[in-house]
Amino acid sequence: FNKDVDLKSGSTLIECDRISFFLVDQQNNELYTFISKNVPEIRISFSSGLVGYCATHREMLNVKNCHNDFRFNKDVDLKSGYKTVSCLCMPVISEQGELCGVIQCLNKLDFNDVKKIPKEFPPEDVHTLQAFSTQVAHAVLKVRNYGRELIEKHNLNETVEYLKEKLSVADSDKHSK
């Protein structure tokens with residue numbers, strides 16, 4: 001995936017402060033995301049935090065006050081200086097049942113609330129994110145398939161070049177005799 005993927009349209013659609021897409025790294029049993037090209041990727045284990053719980057159990061989470069939830073990993077807030085209040089996590093699952101990742105929306109925005117009381121994401125946001133996650137799953141699979149095709153094409157080209165070289169050597173050996 002491109003490190004410059006912009007999910008701002010998703011945060012506007014859901015009306016949240018931040019939105020992240022965590023991809024699955026099956027080899028390391030981790031989830032990872034890119035904030036920007038200037039910030040190192042964030043990696044978490046499948047057993048860590050709300051995102052890990054969402055991935056492991058393949059279920060949506062809608063948490064009104066994250067710091068009161070036993071599954072919440074406070075270390076990320078401590079390291080980043082960000083204050084997470086509410087969180088909506090949605091597993092991204094392909095039509096074939098493969099877990100592609102998790103979309104995480106942080107801090108539901110309510111422009112009318114001056115007190116900034118923690119708010120749960122409403123059902124409309126959950127439905128919107130479910131539809132969005134379906135589209136993300138399609139995109140992830142397309143990118144993966146395209147990557148596989150590029151690798152196969154590269155391997156095929158290397159094989160063709162190798163065979164050309166061997167045939168050329170065999171042909172020159174035949175003519176030299």
Side-chain angles (χ1 to χ4, degrees), residues 1-109 121 125-126 128-155:
F1 251 112
N2 184 340
K3 288 187 178 189
D4 297 324
V5 170
D6 183 7
L7 292 176
K8 286 183 183 176
S9 59
S11 64
T12 303
L13 186 65
I14 302 291
E15 294 182 342
C16 62
D17 186 41
R18 293 186 180 179
I19 185 167
S20 299
F21 177 52
F22 287 83
L23 286 160
V24 174
D25 178 349
Q26 293 288 0
Q27 289 179 332
N28 295 310
N29 205 26
E30 292 178 323
L31 297 150
Y32 65 98
T33 190
F34 302 105
I35 304 300
S36 75
K37 59 185 168 189
N38 300 325
V39 178
E41 68 185 16
I42 295 173
R43 288 189 161 267
I44 59 170
S45 73
F46 270 86
S47 61
S48 178
L50 297 170
V51 171
Y53 186 91
C54 178
T56 302
H57 294 87
R58 294 179 174 224
E59 63 185 49
M60 181 274 301
L61 293 177
N62 191 354
V63 180
K64 180 179 178 179
N65 192 334
C66 293
H67 287 268
N68 290 338
D69 191 297
F70 72 95
R71 300 166 293 193
F72 181 66
N73 181 356
K74 295 172 179 67
D75 293 340
V76 176
D77 273 12
L78 292 172
K79 287 178 185 175
S80 68
Y82 185 75
K83 172 74 168 144
T84 303
V85 179
S86 58
C87 179
L88 176 60
C89 288
M90 184 70 64
V92 176
I93 301 170
S94 73
E95 290 177 346
Q96 296 78 20
E98 177 187 355
L99 179 70
C100 300
V102 174
I103 300 173
Q104 178 190 53
C105 302
L106 297 178
N107 295 344
K108 175 65 181 166
L109 297 176
F121 287 83
D125 286 348
V126 173
T128 300
L129 195 59
Q130 282 174 328
F132 188 57
S133 71
T134 301
Q135 297 305 313
V136 170
H138 289 298
V140 168
L141 293 180
K142 278 187 173 186
V143 169
R144 282 187 188 162
N145 288 338
Y146 181 69
R148 286 183 194 123
E149 288 173 13
L150 286 177
I151 290 169
E152 287 174 13
K153 184 177 178 181
H154 174 75
N155 291 343

Under 4.5 Å between any side-chain heavy atoms of I103 and C89, yes or no?
no

Supply the atom-to-atom distance I42 CD1 to Y32 OH, rounded to the nearest 0.5 angstrom.
13.5 Å

Which heavy atom of [X] sits nearest a heavy atom of [Y], and at what distance?
X   : Y    : result
I14 : K108 : O-NZ, 3.0 Å
D17 : L109 : N-CG, 3.8 Å
I44 : G52  : CD1-N, 4.1 Å
F22 : T33  : CE2-CG2, 3.5 Å
V51 : Q104 : CG2-NE2, 3.3 Å

Answer yes or no: is there an ion pair linking R43 with D25, defined by an N-O contact shorter than 4.0 Å?
yes

Exactly one of N73, V76, D75, L31 should register a side-chain contact (heavy atoms from CB on, under 4.5 Å) with S48. Which one does?
N73

Does T56 reach the main-chain N or O of F46 with its side chain, forming a donor-acceptor pair under 3.5 Å?
yes

Salt bridge (Lys or Arg N to Asp or Glu O under 4.0 Å) involving D77 - partner list, sequence neighbours excluded:
none

Of all pairs that satisfy ring-ring contact (aromatic ring centres under 6.0 Å, His included), the ones with a partner from residues 68-104, not counting sequence neighbours:
H67-F72

